[in-house]
Amino acid sequence: MSLVAVPFYQKRHKHFDQSYRNIQTRYLLDQYASKKRATTQSSSERSLTERSSSQRASSQSSTGGVCRLCAKRVSASDEEEVEKENRYRSLEASYGEAKRQRFLSELAQLEENVHLARSLARDKLDKYSLEQMMDDKLAWERHSFEDRMSRAPEILVRLRSHTIWERMSVKLCFTVQGFPTPVVQWYKDGSLICQAGEPGKYRIESRYGVHTLEINRANFEDTATYSAVATNPYGQVSTNAAVVVRRYRGDEEPLHSIGLPIGLPLSSVIPYTHFDVQFLEKFGVTFRREGETVTLKCTLLVTPDLKRVQPRAEWYRDDVLLKESKWTKMFFGEGQASLSFSHLNKDDEGLYTLRIVSRGGVSDHSAFLFVRDADPLVTGAPGAPMDLQCHDANRDYVIVTWKPPNTTTESPVIGYFIDKCEVGTDNWVQCNDAPVKICKYPVTGLFEGRSYVFRVRAVNNAGISRPSRISDAVAALDPVDLRRLQAIHLEGEKEIVIYQDDLEGDVQIPGPPTNVQASEISRNYVVLSWDPPTPCGKEPLMYFIEKSVVGSGSWQRVNAQTAVRSPRYAVFDLAEGKSYVFRVLSANKHGLSDPSEITPPIQAQDMIVVPSAPGRVLASRNTKTSVVVQWDRPKHEEDLLGYYVDCCVAGTNLWEPCNHKPIGYNRFVVHGLTTGEQYIFRVKAVNAVGTSENSQESEVIKVQAALTVPSYPYGITLLNCDGHSMTLGWKVPKFSGGSAILGYYLDKREVHHKNWHEVNSSPVKERILTVEGLTEGSLYEFKIAAVNLAGIGQPSDPSEHFKCETWTAPEPGPAYDLTFCEVRDTSLVMLWKAPVYSGSSPVSGYLVDFKEEDSGEWKTTSEAPTPNRYLKVCDLQQGKTYVFRVRAVNASGPGKPSDTSEPVLVEARPGTKEISAGVDEEGNIYLAFDCQEMTDASQFTWCKAYEEIADEERFKVQTEGDHSKLYFKNPDKVDLGTYSVSVSDTDGVSSSFILDEEELERLMALSNEIKNPTIPLKSELAYEIFDKGQVRFWLQAEHLSPDSSFRFVINDREVSDSETHRIKCDRSTGVIEMVMDRFTIENEGTYTVQLQDGKAKNQSSLVLIGDAFKAVLEEAEFQRKEFLRKQGPHFAEYLHWDVTEECEVRLICKVANTKKETVFKWLKDDVLYETETMPDLEKGVCELLIPKLSKKDHGEYKATLKDDRGQDVSILEIAGKVYEDMILAMSRVCGASASPLKVLCTPEGIRLQCFMKYFTEEMKVSWYHKEAKISSSEHMRIGGSEEMAWLQICEPTEKDKGKYTFEIFDGKDNHQRSLDLSGQAFDEAFAEFQQLKAAAFAEKNRGKVIGGLPDVVTIMEGKTLNLTCTVFGNPDPEVVWFKNDKDIELSEHFSVKVEQSKYVSLTIQGVTAEDSGKYSINVKNKYGGEKIDVTVSVYKHGEKIPDISPPQQAKPKLIPASTSSE
């Protein structure tokens, strides 16, 4: 195993192979090895040839068959060949040796060079390793040295204030030292100064500990307090100075700064760790109402993201650091910081700032929170007071202050009520009986040691406001008690704490109070304060206050009923205009002290007055929805609480509050305004007494963004290159800065060069430029800056690297300047410009590709290229973001695609407006569009087919403010097409309108009406027929002036006002009419009214010819006859009928103009119809009832009226359709009154019955069995009577089970009654039917007497009596005769005869008196029988025949089958 000493750098870098050698060296070694292999191979081949030759020679010698001459010749030739071969090989060997020697010398030289290079590399690596080791050692020593040298920043020379003139420059300098070197940040009024935000405005330098801030060309807005903050890990220091910029003129210009003059305090403690903080999402200006909840939240990216170490988040409202409370909750972590409000009040309104503090500096974001008043409890009541504070709390006394509400839209506040509530209870007690007028009130009567909260309510003429937010709890304690504590040290380390009063044990009666004075004076009260007596003793002190009118000499105790425990007291009920002096006495249980010294005279009066109105109000542009308002402070601004700002839309005089909590500075940003609207502002000052008068109104200002430099252009595209020049195109900046873009500046540089070179010294207006003088084959990059009135904007980012080489491709170059308009929920319109380089043939169309922003697959809108340079892309998904590109197509195919467009969100903007078409007052057709988001730089661009309209002969564009109209001078079909409008310097505001043939015809019709005006008519010419048969022709115009005229024309002949044609016109209502008293056959024709009112004309015609005229004539004649008829007794209502609830048909008519002599008659078929009662004509109603209507009631019914004035007749024929309608009406009543179906069993079968008020077979009734309609048959017979309808089921079987329905139809509805005849119901009915059937059969076949026997027989004695009858029975019955219920014994006197088993007779020969009596015949078979009694009366000859009733048919008595005959 060989040991190789490897150099240390190979050990370090693990270079054990030969890969570090030069490539050329490896090539030479490979060449040498290959040649060496070739030489070895040739020598081996030569030795092999020599061996083969010797073998052939030996073989030839052995044969011996060759002659010597031939052998000699062969030997000579072989020797010659060998010689030649040897000579060739010697030459080849000498050449190879020379070449080998040359190669070896080169290889030796190369190996020497490689050895030298390896030696040099080894030396360098060794040197580098030593340097690295020394650096590591020095770094450790440097760290320990730095730790020893570390110290917090210290300012050696502070900033100095400066006052300069406008447009001068100023330099602020200070010197700071510290280790590590402090990082310095500059602030303007608390806001971090960013050089990139205003290029060229500020210049910040730092050299050798001297830091400078240079402000170039200062203006009035640069007046501020500038601060420099130096920070390192060991501390932070700051210094500040004021810069005042004065003007040469006294006039001030409006401020455009959006910041509020609030200086946030610098953090005293900064986290040691360095964090980079980036705001991803920020809360914006927020509008809420009292009582609502809101969360202000920012999403942050904090780098590095350490779980245990985080920067500190601070929330400020205005300039006050916020802390968590029951109203606010804070959260910081998980990449967000939030501030939540559980119940908003106006106290919460203000500018909220989130500050993230770390070693890397302070990152902050601010936005305003506006809180409006909640809806008042009483309409017109003021808003709630706010910012409730408690001051000077003592044992039984506290002063409460608050801020008044803004009453822009309500009546002024006339006072306030203060309520108190003891903590732990819900019992609110009103402290004052009458409203106090100032925002301060001393509350007395508190109980010592208890805590209270307070609230305030405002009062105006409409009512009382909602209460304010309750105050923080305040304890009724004497703050001086803590100062009276005294510590006494005992032996060792012990001590006790006692009150100073405990050391005053000998004091019994206290001394008088001292230093009595009026700490607060107002018109309603005076607050007295004093110092307790010294010494005061152990016992609790009380105070009594006495007052005296100056000069009176008498003292009056103020608090005689209630002693005061606090060294404060508010004295009320002081006479206005009088001066008072006061004194105070102290007391305890031992007695009353002497009075204190008397105060100087004090008069109850307001020490502060209402502030004067603020000065001049200036409004300046800020953003699209906000305006900066600033004003001069009032001349008298004593104890100001702040200002209220009001705004009003110009021309409306409807003022609205802009802020709902007083602001303490004289500049305010009013948010939430409507873009493009014009506003006026005013300001009022507020203090505890009230609000000032309104300031003067500001000038009218239109809400627009402030004027700034434009943003940077983008989308730089190479459009063509010919080897020495490049044609570039780019897109317009997204924001013009509020002013029209005047041009563009281009800079270029070669790739990898540092310096940029100006391309054009003067701005170019077009967005395409050819850059000349380029070097072919070089790479270039470009950047572009736009310029407007405000200056030159930021340059764009450098473009891609473009190579300067000639384009020769046959396909066209890229399209460029891709823009989008009319972005809606599912579609958008895309525009582009044609490529500059068209290729080998002209461009014939374009292909449009699109895809979702995060997708990788391009889709083509259509396979066929579009010939236009615009395309409406539809069927997109709402809310998705897409990107697009365009490819130009010529004969060679699609060319290079354009640059990918910027992402486009497919979603309609809120408040999107569309183009409207209309006609103005002069009849001109126009397309109109409004844009509320315009700026001074915005312009309307009208296009047809998305090409800008330049044809002034056919179109005219008129723009006023944010309204623009495109007028058509000579509208025609050539104007059909798609029109679009776009507004520059907005967020893509655009719209389009398709003017098709139908819409153009509509507009031209409206235009024609205006240019050729017509008098609009409310009603065309019409006719009306009066009661007397008069005909009125009339029309009504919308409006007629007093100078209007008209003509009535009948059959081309004008008619004038006359007795036959009464014409009149009411111009106030626009009604023109003509009345004709008698309308006859001669009046057929055309009626026309012609109107003229100035230039306006109109006419209306009515054609009364043929059937139309006959209808009018007949109606007029009818009305005339009706009028004549009504002069005498007549029918007001002719005969008509209805059906009563009792199912009776009632004929009714109404009569009018009757008198006592008037005769009324009912007739049927011209025959007087008798009724029980005559109708009462005075009631005016005559009725005739027809009960149980049937066909017999068919006929013509008449009602007649007659007296000396005339007669009238009303006729009603009951037949046909009238009769059918009556039956249907009766069916309706009967159907509603129909009873449920009932079952009745008969010998024939089962009968279903439905009872109703009336039934007739003419009614439309139906029976159903199991939903199948039943037809009358032998098995099921349908019938009815006047009271019911029935269905007879003859000989029922099992098939007859089921549901049966009875239905009666009244022409509109079906009335149904149902019965389920199955199961037990059917079984019971069937059993009963069987019984009745058997009984009927027995009844039919039993023995019976058919007839022939009277009930009484009278006969004279001696006569023969023959009683004969006919009997029936099956089988033949048995006949038995009885006398007085006893069998008759047959004899010559009594004989019975039966013939044909049917005729039976009893004969009594020679009747005697004994034969009188009751004779009975008994007829019976197995089914039963009957018995008939006959009474026989015998009288003697000559006697009077007895008076008896006429004989009648004898009535039988039934004999059951089981009963035996007697």
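These numbers were taken from a predicted model, which means no experiment stands behind them.
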Apply the test side chain to side chain donor-acceptor pair (under 3.5 Å) to residues E677 and Y679: give CA-CA distance (whole Å), side-chain angles for both, the deciding distance (0.1 Å), then the verdict. CA-CA 7 Å; E677 191 65 81; Y679 287 88; 5.6 Å; no
What pairs with F331 under ring pair (Phe, Tyr, Trp, His ring centres under 6.0 Å), at least two apart in sequence or on another chain? none
How about CD on E292, more than 12 heavy atoms from neighbouring residues, nucleotides or ligands closer than 6.0 Å, or not? yes
Given the rule in the side chain to side chain donor-acceptor pair (under 3.5 Å) test, do D364 and T353 qualify, once you have shown the distances and angles that lead to the verdict? CA-CA 7 Å; D364 58 11; T353 302; over 6 Å; no
Taking only residues two or more places apart in sequence or in another chain, which ones pass ring pair (Phe, Tyr, Trp, His ring centres under 6.0 Å) with W655? none
So, using ring pair (Phe, Tyr, Trp, His ring centres under 6.0 Å) as the criterion, who are the partners of F341 when residues are at least two apart? Y352
On a heavy-atom basis, the closest approach of Y543 and P533 is OH-CD, 3.8 Å
Shortest non-hydrogen contact from V703 toward T674: CB-O, 3.5 Å
Indicate whether any N or O donor in one side chain lies under 3.5 Å from an N or O acceptor in the other, for T225 and N240. no
According to the salt bridge (Lys or Arg N to Asp or Glu O under 4.0 Å) rule, which pairs have a member within residues 460-469, sequence neighbours left out? D348-R469
Please list, chain by chain and in numerical order, all residues satisfying ring pair (Phe, Tyr, Trp, His ring centres under 6.0 Å) with F544, sequence neighbours excluded. none
Holding to side chain to side chain donor-acceptor pair (under 3.5 Å), I want the full list of residues that pass it with N687, two or more places apart in sequence or in another chain. none
Tell me whether E693 at atom CD has more than 12 heavy atoms from other residues, nucleotides or ligands lying less than 6.0 Å away. no
List the residues meeting side chain to side chain donor-acceptor pair (under 3.5 Å) with H660, not counting sequence neighbours, and say none if there are none. E349
Could you tell me whether a side-chain N or O of Q630 sits under 3.5 Å from a main-chain N or O of L618, the two making a donor and an acceptor? no
Nearest heavy-atom neighbours spanning G615 and S695: O-CB, 4.0 Å
Residue set satisfying side chain to side chain donor-acceptor pair (under 3.5 Å) with S342, at least two apart, ordered chain then number -> none
Qualifying ring-ring contact (aromatic ring centres under 6.0 Å, His included) pairs, either residue in residues 393-433, two or more places apart: W402-Y416
Would you check if the side chain of S465 reaches a backbone N or O of A458 as a donor-acceptor pair within less than 3.5 Å? yes
Taking only residues two or more places apart in sequence or in another chain, which ones pass side chain to side chain donor-acceptor pair (under 3.5 Å) with R288? none
If we ignore hydrogens and angles and just use 3.5 Å, is the side chain of T407 paired with the main-chain N or O of P382 as donor and acceptor? no
Any donor-acceptor N/O pair, R682 side chain to N694 backbone, under 3.5 Å: no
Can you list the steps and then say if S411 with N461 is a side chain to side chain donor-acceptor pair (under 3.5 Å)? CA-CA 7 Å; S411 59; N461 294 329; 4.6 Å; no
Can you find a pair of side-chain heavy atoms, one from N515 and one from W530, that are under 4.5 Å apart? no
Answer yes or no: are there more than 12 heavy-atom neighbours, outside Q696 itself, under 6.0 Å from its atom CD? no
Would you find more than 12 non-hydrogen atoms of other residues, nucleotides or ligands less than 6.0 Å from Q430 atom CD? yes
Would you say CG of D531 has more than 12 non-hydrogen atoms from neighbouring residues, nucleotides or ligands within 6.0 angstrom? yes
Between D419 (side chain) and R455 (backbone), is there a donor-acceptor pair under 3.5 Å? no
Pair listing, salt bridge (Lys or Arg N to Asp or Glu O under 4.0 Å) test, anchored in residues 424-445, at least two apart: K440-E520
Test side chain to side chain contact (heavy atoms under 4.5 Å, CB included) applied to D387 - qualifying residues, sequence neighbours left out: D347, Q389, K403
